[in-house]
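Everything below concerns the one structure shown next.
Here is the naming used below: chain letters follow the sequence lines, and residue numbers restart at 1 for every chain.
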2 protein chains.
Amino acid sequence: MTDAPRAMRGRPRVGSPSLLEEAAFELFLENGYAGTTVEQISTRAGVSRNTFFNYFAAKSDVFWVGLDASIDRMAAVLDAASADTDTDDGVTPIELLRDALLDVADRLGPSDVPWVLTHFELIGSTHEVMASAIGRATRLSNVIERALGDSAPAAVSRSLSFACVAAVIAAMTSWAEAGPDRGSLAAHLERALSPVLAGFTAL
Amino acid sequence: MTDAPRAMRGRPRVGSPSLLEEAAFELFLENGYAGTTVEQISTRAGVSRNTFFNYFAAKSDVFWVGLDASIDRMAAVLDAASADTDTDDGVTPIELLRDALLDVADRLGPSDVPWVLTHFELIGSTHEVMASAIGRATRLSNVIERALGDSAPAAVSRSLSFACVAAVIAAMTSWAEAGPDRGSLAAHLERALSPVLAGFTAL
DNA sequence: CGCTTTATTGGGCTGAGTCTATTTAAAACG
DNA sequence: CGTTTTAAATAGACTCAGCCCAATAAAGCG
């Protein structure tokens, strides 16, 4: 995960999300999540505590650097796709959605599994971690629901987007559990997503 | 929501979940969620701050007194149903699941909507609230997955249970939004759940 | 060299959540 | 009726995430 290009003006950055991420994961391995303070993370990364909060709104946000980028990509892909289909061709919104999800998932290889999923026993179900996780789920859901637009009643769009998010979570879970030769996320997602989309296509 | 019977031995309880719940909701209406401290809630309820934490593990748990009871009931219904079908009759696990969910949902009338859902703008997406919400979702998911047992591969069971939870959330959301004549949760849940179960039944 | 921009930093503050120890109110017992 | 047991309430202190604000450092620009 390469960091975004820095501004050419003003004081140069000394920290970065990935720098803090690495420091954090080291310490989590040593002392666990709850046993590690933001102070310690910042110190190991060579910055001050406040600088940590310049890069992350919360301690638990260090877990989702990669996933946030994927959700960004998902939004971009959906925007591009819906722009393409202004001229109404025969592709359904659900097919569009499926393609976008699998497109993003296909780019995620075995080493892209969120660290928190492969070290869950070490981290545990802290309130903060749960909150940060549902924050991502909500954002993905909003991205999907926006892309669906008014192609269906609002209640249906919401059910569908929630169900898609649920499929993504289920897929990521089994992907993470599958071990080093887990392949890309796409195959797992396909399995979790198919029945859901099949059910909604019938509507 | 009547409280559980107290022990007959020892110092009698002066507080109760519902007592604290009422005090909390009053204060949330006056000052918002973030603007209300646990200290204030306890004081209004006539107990000490520590007593609050005897009844709730976290401030945000006051939102889910009713829902927790429903999840308990859900677990009980599923247990009973799976005990009944030891003698293998023709009812599929998915039908069992559907019946249990609708049975519990049917008991929830218009006034049983979680307060937090009808006052969401006032509460906002605090980290704590999100964490408490996903905690409930996780518990419900575990209850469902356990009931499914080994009737399907683990990955499928997980996808299905996640999808069911997603349907429950979507249903509760539109239920809450539907206004005072929203009826019971069951009708909303039926709509959200049908496509999901249809898709998985095909497997 | 000022000026502007951007980032880091220091210090202080609130409040959730935890822990340990103590006290209180009732029931049960002899 | 005093004593013991038990469960609950309480007191007090502590850690740390998250927030805010003001100060400072490092770069480019005129």
Side-chain angles (χ1 to χ4, degrees), chain A residues 3-21 23-24 27-28 31-64 123-135, chain B residues 3-20 23-24 27-28 30-64 123-135:
Chain A
D3 297 320
R6 61 275 160 272
M8 289 315 292
R9 189 72 177 271
R11 179 171 180 171
R13 293 180 182 277
V14 50
S16 75
S18 40
L19 179 71
L20 289 161
E21 188 191 37
L27 285 159
F28 293 164
N31 309 338
Y33 178 81
T36 303
T37 68
V38 173
E39 181 96 48
Q40 292 173 312
I41 299 172
S42 328
T43 301
R44 177 155 312 189
V47 298
S48 77
R49 195 182 104 98
N50 281 326
T51 297
F52 178 94
F53 287 106
N54 288 345
Y55 287 93
F56 298 105
K59 177 185 176 186
S60 51
D61 284 347
V62 292
F63 289 129
W64 309 112
I123 303 306
S125 309
T126 313
H127 280 181
E128 303 159 49
V129 178
M130 287 194 158
S132 67
I134 200 178
Chain B
D3 298 318
R6 62 276 156 275
M8 287 317 291
R9 189 75 176 267
R11 179 171 178 171
R13 294 180 182 278
V14 50
S16 76
S18 40
L19 179 72
L20 289 160
L27 285 159
F28 293 164
E30 295 168 18
N31 309 334
Y33 178 79
T36 304
T37 69
V38 172
E39 180 97 49
Q40 293 173 313
I41 298 172
S42 327
T43 301
R44 176 154 315 188
V47 298
S48 78
R49 196 184 103 98
N50 282 326
T51 296
F52 178 93
F53 287 107
N54 287 345
Y55 288 93
F56 298 105
K59 176 184 175 186
S60 51
D61 284 348
V62 292
F63 289 128
W64 310 112
I123 303 305
S125 310
T126 313
H127 281 183
E128 304 159 48
V129 178
M130 288 194 159
S132 67
I134 200 178

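No donor-acceptor pair closer than 3.5 Å links the side chain of A:Ser42 to the backbone N or O of A:Phe52. A donor-acceptor distance shorter than 3.5 angstrom exists from the side chain of A:Ser16 to the backbone of A:Leu19, with no hydrogens or angles considered. Side chain of A:Thr37 to main chain of A:Gln40: a donor-acceptor pair is present (N/O by atom type, distance under 3.5 Å, no hydrogens or angles).
The base of C:dG17 sits with one of its N or O atoms less than 3.5 Å from a complementary donor or acceptor on the side chain of B:Arg49. With hydrogens and angles ignored, a donor-acceptor pair under 3.5 angstrom links the side chain of A:Asn50 to the base of D:dC20.
In this entry the distance linking CZ of A:Phe52 with C1' of C:dA7 reads 17 Å, nearest Å. Computed from coordinates, the A:Glu39 CD to D:dG18 P distance equals 14 Å when rounded to whole Å. Rounding to whole angstrom units, CD of residue B:Gln40 and P of C:dG15 are separated by 8 Å. Protein atom CZ of A:Arg9 is 14 Å distant from nucleotide atom C1' of C:dA7, rounded to whole Å. Between the P atom of D:dA25 and the CG atom of A:Asn54 lies a distance of 17 Å, rounded to the nearest Å. Between the CZ atom of B:Arg11 and the C1' atom of D:dA9 there is a distance of 4 Å, rounded to whole Å. Per the geometry, CE belonging to B:Met130 stands 20 Å off P belonging to D:dA17, to the nearest Å. Across the protein-nucleic acid pair, A:Leu20 atom CG and C:dT9 atom P stand 11 Å apart, rounded to whole Å.
Among the atoms of the strands shown, none is found under 4.0 Å from any heavy atom of A:Ser42. B:Thr36 comes within 4.0 angstrom of the backbone, heavy atoms only, and of no base. At a threshold of 4.0 angstrom between heavy atoms, the contacts of A:Tyr55 are confined to the sugar-phosphate backbone, with no base atom among them.
The B:Phe53 side chain lies nearest to C:dA16 when the options are D:dT10, D:dG18, C:dA16. Considering only the side chain of B:Ser48, D:dT10 comes nearest among C:dA26, D:dT10, C:dA16.
Counting heavy atoms from C-beta on, the side chains of A:Tyr55 and A:Asp61 never come closer than 4.5 Å. A 4.5 Å side-chain heavy-atom check between B:Leu20 and B:Thr51 finds every atom pair outside the cut-off.
Close to C:dG15, at under 4.0 Å from its OP1 or OP2, lies no side-chain N or O of B:Thr37. A sub-4.0 Å separation between OP1 or OP2 of D:dA17 and a side-chain N or O of B:His127 is absent.
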